[in-house]
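Side chains included, hydrogens not; waters and symmetry mates left out as well; all remaining heavy atoms used. Counting starts at 1 for both ligands and their atoms, following the listed order. Note that the structure is predicted; figures quoted are calculated from it, not measured.
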Amino acid sequence: MASERQIHVGDVAVGGGAPVAVQTMTKTETANLAATMAQIRTVAEAGADIVRVAVPREPDAEALKTIVKESPIPVIADIHFNHTLALKALAAGAHCVRLNPGNIGGPEKVAEVIELARRLGTPLRVGVNSGSLPKHLRQLEYDNPVEALVTAAIETVELMERLQFENFKVSMKSTSVPNTIASNRLLAERIPYPLHLGVTEAGTKWSGSLKSAVGLGTLLADGIGDTIRISLSTFHAEEEVKVAWEILKALKLREKGPVLIACPTCGRLQFDMDTVVAEVEQRLEAYEDPVEVSVLGCAVNGIGEARHADFGITGAKDMGMIYSKGEPLKKVPTEQLVEELFKEIDRYYAAGKTVQKDEAEAAEARAWLEENEDTTQMTPERIAAMEAAAAENDQAAAAVLDSMLEPAGVVLDEAASPVAGRRFTRS
Ligand code: SF4
C-alpha cells in the first residue's frame with residue numbers, strides 16, 4: 001500500500017509507488033563546508049538517495065547555498081524552532097525543508113514558510129515526534145500514545161491542507177518500535193501523502209540496526225513507507241545507509257550490489273569461516289551487480305540450499321571447492337579459496353556474465369564433493385528441508401482427507417486437528 005501521492009525531492013521521486021528512498025543525515029557541523037561535503041560524498045557513494053543536514057544557525061543556512069550546488073544527491077534542510085532559518089534554507093535552494101509546524105512559532109509563521117515553499121516548488125517534510133507532542137494531546141499521549149501520535153500527525157496534515165499546500169511528506173517518529181509500527185499503520189490508512197519512516201534515537205550500530213530492521217521492516221513488508229532513515233549513534237553516516245540498504249534488500253524491495261549468503265556454522269565447521277566470510281563481504285563491496293555469493297562451512301551437506309547462488313565456496317580442513325549454480329567448478333587449497341573465488345567471479349564478468357568452466361577441474365571438484373559429502377549427517381540444512389517436506393506432506397494428507405470426508409458431509413475445522421491442525425465436525 002504505497003502512498004497515493006508522490007512528491008519530488010530534487011530528482012528523487014518519493015511515494016506513489018516510487019522505489020523506497022534511502023536517506024541519512026550528516027553528523028558534521030553544516031557550516032563546516034569541507035567536512036559536510038566530504039560526508040555527503042561518502043553517504044552518496046554508499047547509496048544514499050537523499051541527505052539531510054541540520055540548519056540550527058545562520059552560518060549553516062549560508063553554507064547551504066554551496067552544499068546544495070555541490071551535493072551529488074538532493075539535500076533536505078532540517079529546521080527546528082526558527083521560521084527565519086526555514087525561509088533562508090528555502091531561499092538557499094534546499095531540495096526539501098523538514099520542519100515541525102508545532103514548534104515553528106505559530107500558524108502565521110508556518111503560513112509564511114508554506115507561501116515561499118509553494119512559490120519555489122519546494123516540498124516540505126512535516127511531522128511529529130513522540131517527545132514533543134502539542135500540549136492539548138498530553139492526556140491522550142498518557143492514555144494512548146499511538147492515537148496521540150496519529151492525531152498530532154493528522155492535525156499537521158489538516159493544517160497543510162487548510163493552507164492549500166499538498167507538496168509534502170509526513171513523518172511520525174517514536175523511540176518505541178511497537179508504537180512506530182502501530183502509528184504508521186494507522187496513519188497510512190488515513191492519509192494519502194508519502195510517509196518517511198524511522199525509529200528515532202534507535203541506538204548503537206548493533207541495537208539500533210536491529211530495532212530499525214524490526215520496526216521499519218515490518219512496515220515496509222506491509223507496503224507502508226516511501227523513504228527511510230536509520231538513526232544510529234555513530235559519526236559514520238554511511239553506516240546508516242548500509243543498514244537501510246540491507247533492510248530493503250532483505251525485503252527484495254530494492255537491489256543494490258552483491259548478496260552474501262553464509263551458513264550459521266555448527267560443530268561440522270572445518271575451516272576459519274569467520275575470517276573468510278568477513279574477507280568475502282569486504283571484497284564484494286567493490287562490485288555493483290547483485291551477484292549472489294554463498295559461503296558454506298563444510299561439505300557434508302553438499303551444496304544444499306546454496307544451489308541457486310551465482311558463486312559459492314565450501315571448505316574442509318585442507319581443501320575446498322568453488323561452485324556456481326549448484327555445479328562444482330574447481331577444487332582449491334583452503335587458504336586460496338577466497339582468492340580463487342574472486343578470480344572466478346572476475347572471469348564471469350569478463351566473459352559477459354557467463355560462468356567459465358574447465359571440465360577436467362569440474363570433474364575433480366565433483367569427485368572431491370562426493371568424497372566429502374555425507375548424506376547420513378543431520379545437518380541444520382537437512383533438518384530444515386525435512387521439516388519443509390513434512391509440512392507439505394501434512395497438507396497433502398489433509399487434501400486427501402478432505403476428498404474422502406466431503407461426500408460423508410464431514411467438515412474439517414482448521415482450529416484443532418491431528419492433521420495440519422484440523423478438527424472434525426459433522427455438518
Ligand atoms: S552443516 Fe551446515 S551449518 Fe554446519 S558448517 Fe556445514 S554448512 Fe555450515
Please lay out, stage by stage, how Q23 and V241 fare under the test side-chain contact (heavy atoms from CB on, under 4.5 Å).
CA-CA 7 Å; Q23 285 192 38; V241 177; over 6 Å; no

Quick check: are there more than 12 heavy atoms from other residues, nucleotides or ligands sitting under 6.0 Å from CD of E335?
yes

Are any non-hydrogen side-chain atoms of I261 and E292 less than 4.5 angstrom apart?
yes

Below the 2.8 Å mark, what number of protein N, O or S atoms do you get around atom 8 (Fe) of ligand 1?
1

Closer than 4.0 angstrom, basic N to acidic O: yes or no for E373 and R366?
no

Taking atom CD of E255 as the centre, does the number of heavy atoms from other residues, nucleotides or ligands within less than 6.0 Å exceed 12?
no

What I want to find out is whether D60 reaches R57 closely enough, with some N-O distance under 4.0 Å, to be called a salt bridge.
yes

